[in-house]
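Computed from heavy atoms alone, side chains included, the values below leave out hydrogens, waters and symmetry copies. Residues: numbered from 1 along the sequence shown.
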Amino acid sequence: KAAARAERVEKLVENLKRKLGIFTESATGIDDEDVTRSWKEICELEAQELSHESYGPELLQAIGFAYVSKSKHFLATNQTFLGVGGWLHNVQGKYHVFSETVSTLRAAIELKAVFDQIQAAGKAGNLSPSERQKLEEQAAEKGSQVLFKVGKLEIDSILREVCDRVLEDPNIERGKAVLRAVALQILGEAYGSLGTAPTEPFDDSDYVRIDTRSSRRRGK
C-alpha cells in the first residue's frame, strides 16, 4: 500500500508540475497581468469540465481547499517577516484536517447508532417492515457518507504531500517556486469556486446524494 501511494504521489507531482508550468514558463513575474488572466481562464474552464464528473463539485472543493491552503502557506512563509504568516496558515490547515477527521468520526458513530437501533429492534421483534426499510435506508446513506469522508481525508493527505514536493522542489530557484505557488493558488480558487467556498464549513448534506425513498422525501 505504501509503494502504491508513493507511485501515485510521484505521478501527481509530475502532472502538477507540468500543469503549473503553463503559467510559470510564460509569466515574467507574479505581477504579469496578461499571463495571469489567461491562466485563470484555463483553470476556470478545466474546473467547469471536471465539475460534471461523478462527485465533481465535492472533490473540486476539497482539492481547491488543499491547493489554496498550501500555496498561501508557502507564499506567507516566504514573503512575511520571519515567516509568521506561514505559521498562521499552517495552523489553519491543521485545524481543517482535524475538523474533517472529527466530522468523519461523527459520521461513523451515527452509522453505528443506526445499526445498533436495527439490531435492538430486531431482537425485540417490534420493528415493522416499513420501519426496518427506513432504518436500512438511513444506514445506507450514513455508510456512503462515511466512505466518502474517509476517501476525502486520504485525498487531502495525498494532495498536501504533492503540493509540498512541488513547491519545495530543490531543483528550482526560489523565484520559480513562488510562481508555482501563485499558479497553484489561482488553480485552487478556480476549483473551489464551483460551490460552497472552500474556506467555509462543509454541509454534511452536500457530501453524498443517495437515491432512496428517505432522501427523495427530504428533497421535496
Tell me whether I172 shares a hydrophobic cluster with I22, the cluster being built from Ile, Leu, Val, Met, Phe, Trp, Tyr side chains joined at under 4.5 Å. no
Do I30 and V166 share a hydrophobic cluster, counting only Ile, Leu, Val, Met, Phe, Trp and Tyr and linking them when any side-chain heavy atoms are less than 4.5 Å apart? yes
Please check this pair: side chain of R180 against backbone of L20, looking for a donor-acceptor N/O pair closer than 3.5 Å. no
Measure across [X] and [Y] and return the closest heavy-atom pair with its distance rounded to 0.1 Å.
| X | Y | answer |
| --- | --- | --- |
| L187 | Y67 | CD2-CE1, 3.6 Å |
| C163 | L184 | SG-CD2, 3.8 Å |
| A47 | Y191 | CB-CD1, 3.7 Å |
| S51 | P57 | O-CD, 3.2 Å |
| F23 | A183 | CD2-CB, 3.6 Å |
| G188 | V68 | C-CG2, 3.5 Å |

Any chance you could measure [X], atom [atom1], to [Y], atom [atom2], to the nearest 0.5 Å?
| X | Y | atom1 | atom2 | result |
| --- | --- | --- | --- | --- |
| K176 | T24 | NZ | OG1 | 4.5 Å |
| I186 | E41 | CD1 | CD | 11.5 Å |
| L59 | L194 | CG | CG | 12.0 Å |
| E46 | L50 | CD | CG | 5.0 Å |
| L60 | Q48 | CG | CD | 9.5 Å |
| E25 | L179 | CD | CG | 9.0 Å |

Sorted by chain and number, sequence neighbours left out, salt bridge (Lys or Arg N to Asp or Glu O under 4.0 Å) with R18 holds for none
Partner residues of R5 under the side chain to side chain contact (heavy atoms under 4.5 Å, CB included) criterion, sequence neighbours left out: V9, E154, S157, I158, E161
Contacts of [X] that satisfy side chain to side chain donor-acceptor pair (under 3.5 Å) - sequence neighbours left out:
| X | result |
| --- | --- |
| D31 | none |
| E14 | none |
| E44 | none |
| K17 | D169 |

Does the pair K11 and E7 meet the rule for a salt bridge (Lys or Arg N to Asp or Glu O under 4.0 Å), with working shown? CA-CA 6 Å; K11 289 181 179 179; E7 182 179 357; 3.6 Å; yes
Less than 4.5 Å apart, any side-chain heavy atom of I42 and any of W39? yes
Distance-only side-chain donor-acceptor flag, D32 / T28, under 3.5 Å: yes
Could you tell me whether R160 and D156 make a salt bridge, using a distance below 4.0 angstrom between a side-chain N and a carboxylate O? yes
Using a strict 4.0 Å threshold on nitrogen-to-oxygen distance, state whether K40 and E189 make a salt bridge. no
